[in-house]
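For reference, the structure is listed below as structure tokens.
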Amino acid sequence: MVEAEVLVIGGGATGAGVARDAAMRGFSTVLVDRDDLAMGTTGRFHGLLHSGGRYAVKDPPSAAECMEENRALRRIAADAIEDTGGLFVSTPWDDPAYPDLFHSGCIEAGIPVEILSTAEILRREPRLNPRISGGFAVPDGAIDAWKTVWGCALSAKEYGATILNYHRITAVHRSDGVVTGATAVNAISGEEVAISAGFVVNASGVWAGDVANLAGCEGVTVLPGKGIMIAMSHRLVHTVVNRCKKPADGDILVPIRTVSVIGTTDTEADGPDDVAIPQDEIQLLLEEGEKLVPGFRRARALRVWAGSRPLVKDDKADDADTREMSRAFALIDHKERDGVEHFLTITGGKFTTFRKMAEVTVDRMCEHLGTARSCTTAEEALPDSGHHRFYWLGARLARREETLNDDQLICECELISRRRLESAMEQRHTQNLDDIRRTLRLAMGPCQGGFCIYRATGILHSVERLDYSAANSALLRFLQERWKGVRPILYGDQLRQARLDDWIFQGLLDVEHLT
Amino acid sequence: MSMIDDLIEPLEEDTIRGSLDHCIKCTICETYCPFANATPLFPGPKYVGPQAERFRDGGDHSPDMSLDYCSGCGICTQVCPQGVKIAEINSKARAKLWDERGIPLRNKILARPTLGGRLATPFAGPVNWALGNRLVRGLIERVAGVHRKAPLPRFAGRTFQSWARHHPSPLTDKTVVYFHGCSTNYFEPRLGEMAVAVLEHNGFRVIVPRQDCCGLPLQSNGSFDAARKYVRRLAGALAPYARRGHPIVATSTSCSLMLKREAREILDVTDPEVEEVGRQTYDICEFLLDLHDRGELEVDFDPLPMAVPYHAPCQQRGHGMGKPALDLFGLIPELRIEEIDVDCCGIAGTYGLKKEKYDISMSVGDRLFKTIEKLEPEVAACDSETCRWQITHGSGVVSVHPIELLYRSYGL
Ligand SMILES: Cc1cc2nc3c(=O)[nH]c(=O)nc-3n(C[C@H](O)[C@H](O)[C@H](O)COP(=O)(O)OP(=O)(O)OC[C@H]3O[C@@H](n4cnc5c(N)ncnc54)[C@H](O)[C@@H]3O)c2cc1C
């Protein structure tokens with residue numbers, strides 16, 4: 001039995017943000033996710049810390065909100081952010097009337113915008129298509145989802161919150177129209193956990209309709225708008241590059257850590273768990289990439305994945321319900337909507353605006369609980385970001401340089417040393433190598449685990465004192481998960497890599513028949 | 001889609017960085033790297049090349065000094081089965097490193113052989129004495145970071161250019177241009193004379209234009225801008241001949257590689273002059289073997305009854321021409337050549353001269369030196385000058401350019 005004042009369902013950016021905010025305002029809080037944290041849409045997003053430029057023409061209030069939150073996240077989450085800056089460039093395929101609209105839109109939304117000549121753009125990003133004609137610089141950035149979400153979760157923990165990852169909510173309890181808690185099932189052990197909570201926030205993203213149903217609030221429809229992204233094996237650009245045109249498919253290239261990610265697309269998914277990759281969308285992204293960076297289609301693609309945007313279609317909601325929220329996200333007050341008290345649903349929005357969404361949600365909760373407590377999440381930095389220095393691509397190379405000869409290198413692509421790996425394993429205390437991957441970016445480089453993951457399995461075996469069959473299955477499970485993202489883009493260099501990896505794992509280790 | 005009709009080629013310089021995409025981490029480069037195997041200070045070509053490159057953001061902050069322990073020998077690129085331009089990636093990253101940190105005085109001096117040559121030639125006697133003096137060398141090591149034991153060449157006291165100016169080459173209908181390089185000019189003018197004699201013996205008129213350094217030592221010491229200036233100037237001096245269709249023949253494998261490839265591939269010099277000169281440039285053994293293949297080489301070789309160990313320098317691989325000296329040796333009766341199967345002698349241009357790298361360089365060359373020593377030959381042969389000095393230093397055996405053996409066998 002877990003007792004708390006607030007239960008937050010969903011450990012994506014939104015839920016982690018709500019949990020942190022509630023905990024910082026002094027509520028005892030429990031955060032629950034069916035998987036590990038940030039494995040839903042948050043762990044599958046594009047990595048762009050929006051300046052708002054993308055919405056400057058279509059949706060200025062949303063653009064302004066992005067810019068405001070961009071500033072806030074730079075203050076509190078520096079360690080998760082790379083200050084890459086962003087460019088909006090016009091290629092020959094883009095509407096020549098758009099740049100003027102863009103420029104005035106940015107100014108209206110308060111986005112600092114600088115007009116750049118073609119020569120200056122090519123000086124900054126020499127790989128871009130030389131046929132572009134001018135563009136703009138805006139303060140876009142790249143942001144690491146896992147660092148941010150875990151940063152929020154650890155901060156919440158410092159304020160007394162409990163984090164229950166790998167716990168699926170299977171029932172939401174009500175008594176006389178008031179929500180009182182929920183039942184969670186431990187996804188690893190199968191054990192049931194009863195959670196008693198005076199207030200429940202449903203922050204379960206594309207699954208928010210399902211969770212609302214558990215509380216008997218029917219009819220919240222969240223349409224999953226699926227988009228795919230492809231990670232290229234190194235940074236083709238060092239600045240976020242957007243096409244200066246009406247937002248469409250494949251028009252943003254985001255340099256994040258050691259890769260650059262092209263995205264994205266938007267089609268309605270077959271339900272919230274659908275992450276299948278349509279082949280035609282891969283082709284589309286590669287062709288759009290070619291327009292930005294000549295040679296793109298011949299460059300090495302590492303991996304493709306899909307995530308779904310939660311788009312709320314709620315017939316019951318009227319304008320009055322949305323007074324406090326921007327058009328960009330949906331805060332559903334179930335007291336007003338369904339007569340169910342102490343239950344809010346927060347979904348939609350963007351990663352960039354999660355903090356704001358959390359603030360608005362917790363404000364509303366305070367209103368319901370009749371208490372006034374102010375929000376400080378925009379000022380207090382996350383645990384690893386107190387230094388206010390943005391993350392820098394060379395950081396791992398610099399760190400490695402200091403320990404070259406006294407620490408073994410395990411993951412060669414992402415420069416992860418043995419000591420770093422062991423301490424992450426000790427902290428996470430998991431049998432799942434994928435948890436370690438998200439913590440350290442283990443196996444996320446060009447060889448996709450080909451050379452590090454058997455080493456990491458051996459180390460996990462000793463750190464967790466696994467028996468050999470548990471270690472073998474951890475390895476196999478990891479490989480099978482990786483394969484899903486590699487298979488759809490098997491061509492060129494990555495195909496060669498996959499062959500070599502296959503010889504190692506099937507040929508040498510016969511990994512599918514290890515017992 | 002319309003765009004596909006007129007694809008734009010990616011940037012030329014980008015094909016080098018972009019080649020990191022081909023790395024499948026097979027580690028063949030690391031097993032072949034003579035330096036990674038000799039010192040833990042160098043994390044290896046795969047590490048500093050395709051791996052570390054992903055962490056370089058083009059900004060002005062290179063954190064990995066260990067990169068400087070790459071000698072630039074180029075073996076990694078040659079052995080890579082996937083076509084990753086490892087050595088080239090490393091050279092560029094190293095240049096950037098020094099660009100940010102400032103190039104040490106020592107590297108600036110070592111990188112300008114013409115300057116040293118011009119200043120020291122008139123005072124060769126005292127300079128050579130000083131460079132052979134242990135106290136002076138100790139001082140140089142402390143002040144300038146050149147290792148006290150490192151094999152510095154001796155100044156000849158005269159230049160090859162002054163000899164060439166007074167040497168009338170017979171007028172024939174076949175002309176070659178001789179690119180002698182700095183070391184022949186200041187340190188080994190005899191080699192230049194022998195090369196000219198061998199070419200003339202084969203019926204060529206040999207033109208020796210005024211010429212300056214090719215910029216290679218500057219490049220390998222990280223001064224790319226200065227190196228570009230030098231290679232352009234050299235190409236300017238040689239281009240008129242190239243345009244007339246005259247082959248440009250060189251006795252220095254590394255300097256001719258600069259003209260053939262490195263100016264373009266590493267320094268990004270795309271001038272048409274450099275291109276023209278590069279296309280017409282030949283290593284001298286490569287040139288003679290081509291003649292032989294066409295049946296045009298004089299084969300009036302006298303027997304040389306001796307056993308000679310031969311070391312093919314690592315930069316020679318960059319030429320993609322095999323080991324032409326070996327084929328030429330095969331034409332000399334009674335000459336027994338023992339090819340030593342060691343990739344690198346350790347000197348790598350000016351690398352092994354440096355205080356902090358001398359020991360590494362000697363340990364890289366160790367097996368080569370020992371093998372040569374054991375054979376107790378009269379001379380050893382090697383195409384590259386700095387390698388010859390290193391071999392002589394490490395094994396005590398005088399080492400000569402292959403041309404010298406041809407010269408002797410021709411009885412010139
Ligand atoms: C393709 C794509 C690209 C994007 N790119 C960007 C971008 O570049 N920049 C940006 O700012 N935004 C971007 N977004 C938007 C952004 O990713 C999302 O708005 C944001 O991540 C949503 O976070 P969330 O926490 O609301 O949802 P999620 O991250 O999906 O979190 C919901 C969580 O609820 C959990 N859950 C579900 N059911 C249960 C249950 N029964 N019990 C317990 N837990 C449950 C899930 O496991 C999940 O972890 C992108 C979205 C997509 C689809």
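Chain identifiers are assigned alphabetically (A, B, ...) following the order of the sequence lines, protein sequences preceding nucleic acid strands; residue numbering begins at 1 within each chain. Being a predicted model, the structure only gives us computed values, none of them experimental. These numbers come from the heavy atoms of this one structure, side chains and all, not from hydrogens, waters or symmetry mates.
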Here the gap from A:Arg400 atom CZ to B:Gln51 atom CD, rounded to the nearest 0.5 Å, amounts to 10.0 Å
Measuring heavy-atom distances to chain B, does A:Leu404 have an atom under 4.5 Å in its side chain, in its backbone, in both, or in neither? side chain
Please determine whether the number of non-hydrogen atoms from other residues, nucleotides or ligands lying under 6.0 Å from atom OH of A:Tyr454 exceeds 12. yes
Drop me the distance from B:Leu20's CG to A:His234's NE2, to the nearest 0.5 angstrom. 5.0 Å
May I ask you to name which of A:Thr91, A:Val293, A:Leu409, A:Leu500 has the most heavy-atom pairs under 4.5 Å with chain B? A:Leu500
Would you mind telling me which of A:Glu402, A:Glu412, A:Arg396, A:Met232 has the largest number of heavy-atom pairs within less than 4.5 Å of chain B? A:Glu412
Could you give the distance from CG (A:Leu236) to CZ (B:Arg17), rounded to the nearest 0.5 Å? 7.5 Å
How long is the span from the CG atom in B:Asp21 to the CG atom in A:Asp493, to the nearest 0.5 Å? 5.5 Å
B:Pro63 versus A:Glu401: any side-chain heavy-atom pair under 4.5 Å? no
Is it true that A:Arg300 and B:His22 share a donor-acceptor pair across their side chains at a distance under 3.5 Å? no
Value rounded to 0.5 Å, distance of OG1 in A:Thr258 from CZ in B:Phe55: 5.0 Å
If you count heavy-atom pairs under 4.5 Å with chain B, which of A:Leu302, A:Asp501, A:Thr84, A:Asn405 comes out on top? A:Asn405
Heavy-atom pairs under 4.5 Å with chain B, option from A:Gly492, A:Cys413, A:Cys447, A:Ala395 with the top count: A:Cys413
One pair to check against side-chain contact (heavy atoms from CB on, under 4.5 Å): A:Leu397 and B:Tyr47. What are the steps and the verdict? CA-CA 10 Å; A:Leu397 193 56; B:Tyr47 180 92; 3.7 Å; yes
Okay, A:Glu414 and chain B: the region with an atom under 4.5 Å from a heavy atom over there is both
Using a cut-off of 6.0 Å, state whether more than 12 heavy atoms not belonging to B:Arg101 lie near its atom CZ. yes
As an exercise: rank B:Thr27, B:Asp57, B:Leu41 by heavy-atom pairs under 4.5 Å with chain A and give me the winner. B:Asp57
If you count heavy atoms of other groups shown closer than 6.0 angstrom to CZ of B:Arg233, is the number above 12? yes
Could you state the interatomic distance from OG (A:Ser233) to CZ (B:Arg54), rounded to the nearest 0.5 Å? 6.0 Å
